[in-house]
Amino acid sequence: MNVPALRAALTGWFADRGRDLPWRLTGEDGRRDPYRVWVAEVLLQQTQVVRGRVYFERFVEAFPTVQALAAAPQEAVLKAWEGCGYYARARNLHRAAAAMAQEGIPTTYEGWLALPGVGPYTAAAVSSLAFGEGRAVLDGNVRRVLSRLYAVSQPTDAWAQGVADTLLDPARPGAWNEAVMDLGATVCIPKSPRCGGCPLSTQCLAFATGEPGRYPAPKVRAAVKEVRGVALLIGSAKTPYLEQRTGALLGGLWGLPLEEMPDTDEQAALARLQARLGVVAQGRLGTVQHTMTHRQLNVSVYRAAARPGLPLTTAAGRPLSRLDHKMLALENESAVQPLLF
Ligand code: SF4
């Protein structure tokens with residue numbers, strides 16, 4: 001591999017074709033704002049760029065600085081994160097902002113890595129993009145590009161990180177990292193790589209095989225677990241009774257009272273929910289399906305009248321998961337069906 005030629009080809013391509021994204025703006029000093037870089041990198045880890053762009057603008061408008069984020073209540077942070085999923089990331093952003101408001105924004109990879117919720121990828125991205133530190137990022141896009149460049153079908157993380165470190169352009173580590181990520185996102189795409197427009201094709205070993213899409217071999221996906229549950233819409237979709245969720249996935253968000261169904265006995269689950277809340281279901285609104293971190297949720301939603309002692313809340317004022325938005329939408333989408341039991 002001719003590394004200097006590879007670097008020149010890719011950084012040249014990036015200068016012409018790199019994506020124009022809001023977190024790539026530089027200040028008058030030519031530097032990136034580390035806060036915006038950090039927020040964008042965390043947000044984009046599980047979100048496509050088109051949607052991520054909208055979420056990013058909304059988030060930095062609500063919290064333009066690390067101090068503003070640190071000073072906000074957690075509920076406001078979750079509200080601004082609404083729709084992005086993976087809410088642990090928002091809770092960690094908030095905790096890390098509190099640490100930075102006290103101790104200042106780190107300027108090194110090690111300093112970023114010490115913050116809550118910041119792993120090697122984010123630390124490498126912020127330290128290279130905002131501070132010019134020579135750290136190579138490794139995400140899914142980079143891994144795919146390297147696997148193809150060397151025609152390695154099952155690249156381990158250690159191998160991919162080693163190659164990324166070797167290829168990193170020490171003169172422009174931030175531009176190099178973004179160039180590899182952009183190439184993976186726009187040219188060296190998963191199913192049908194666009195090798196005709198790729199600046200690396202003359203050196204790419206997978207391209208030379210004639211079947212670059214075979215690299216890397218597909219990963220074995222974790223099995224999706226089916227989770228069934230019953231929920232109650234008490235009041236109306238605009239002003240329902242809501243409970244604050246706990247747990248790693250949705251902790252801190254609000255949602256309809258929900259009872260998990262460890263067996264298939266929907267009647268028993270509904271009876272437990274009614275007994276806990278002191279209400280009686282009047283009808284069935286429908287079923288909602290939602291996929292969330294290797295779980296397929298199937299929730300039957302029932303409706304019940306409000307009663308004194310259960311406070312109703314304006315739903316729009318609370319952070320809600322997409323699952324809860326779908327459940328609330330049933331009020332307008334479907335007629336109430338009679339109870340079957
Ligand atoms: S030549 Fe094709 S397979 Fe190789 S890096 Fe470029 S787009 Fe990917």
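Along the sequence shown, residues are numbered consecutively beginning with 1. Being a predicted model, the structure only gives us computed values, none of them experimental. Note that ligands are numbered from 1 as they come in the structure, with each ligand's atoms numbered from 1 the same way.
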First locate atom CD of Glu41, then atom CZ of Phe56, and finally report the distance between them rounded to the nearest 0.5 Å. 10.0 Å
Note, Pro34 side chain near Trp112 side chain (heavy atom, < 4.5 Å): yes
Just to be sure I read this right, does ligand 1 sit under 4.0 Å from the backbone of Ala206, its side chain, both, or neither, counting only heavy atoms? neither
May I ask you to list the atoms of ligand 1 that are less than 4.0 angstrom from any heavy atom of Phe207? 1 (S)
Hey, is Glu331 close enough to Lys238 for a salt bridge, meaning N to O under 4.0 Å? no
Of all the atoms in ligand 1, which lie at a distance below 4.0 Å from a heavy atom belonging to Ser201? 1 (S)
Asn141 and Arg144: side-chain donor and acceptor closer than 3.5 Å? yes
Counting non-hydrogen protein atoms only, what is the nearest one to atom 6 (Fe) of ligand 1? Give residue, atom name and distance. Cys198 SG, 2.3 Å
Of all protein heavy atoms, the one nearest atom 8 (Fe) of ligand 1 is Cys188 SG, 2.4 Å
Decide whether Glu226 and Asn298 meet the rule of one side-chain donor and one side-chain acceptor closer than 3.5 Å. yes
Which residue and heavy atom of the protein sit nearest atom 2 (Fe) of ligand 1, plus the separation: Cys195 SG, 2.3 Å
Pro212 heavy atoms within 4.0 Å reach ligand 1 at atoms 3 (S)
State the atoms of ligand 1, each with its element, that fall below the 4.0 Å cut-off from a heavy-atom position in Cys204. 1 (S), 3 (S), 4 (Fe), 5 (S)
Decide whether Arg228 and Thr264 meet the rule of one side-chain donor and one side-chain acceptor closer than 3.5 Å. no
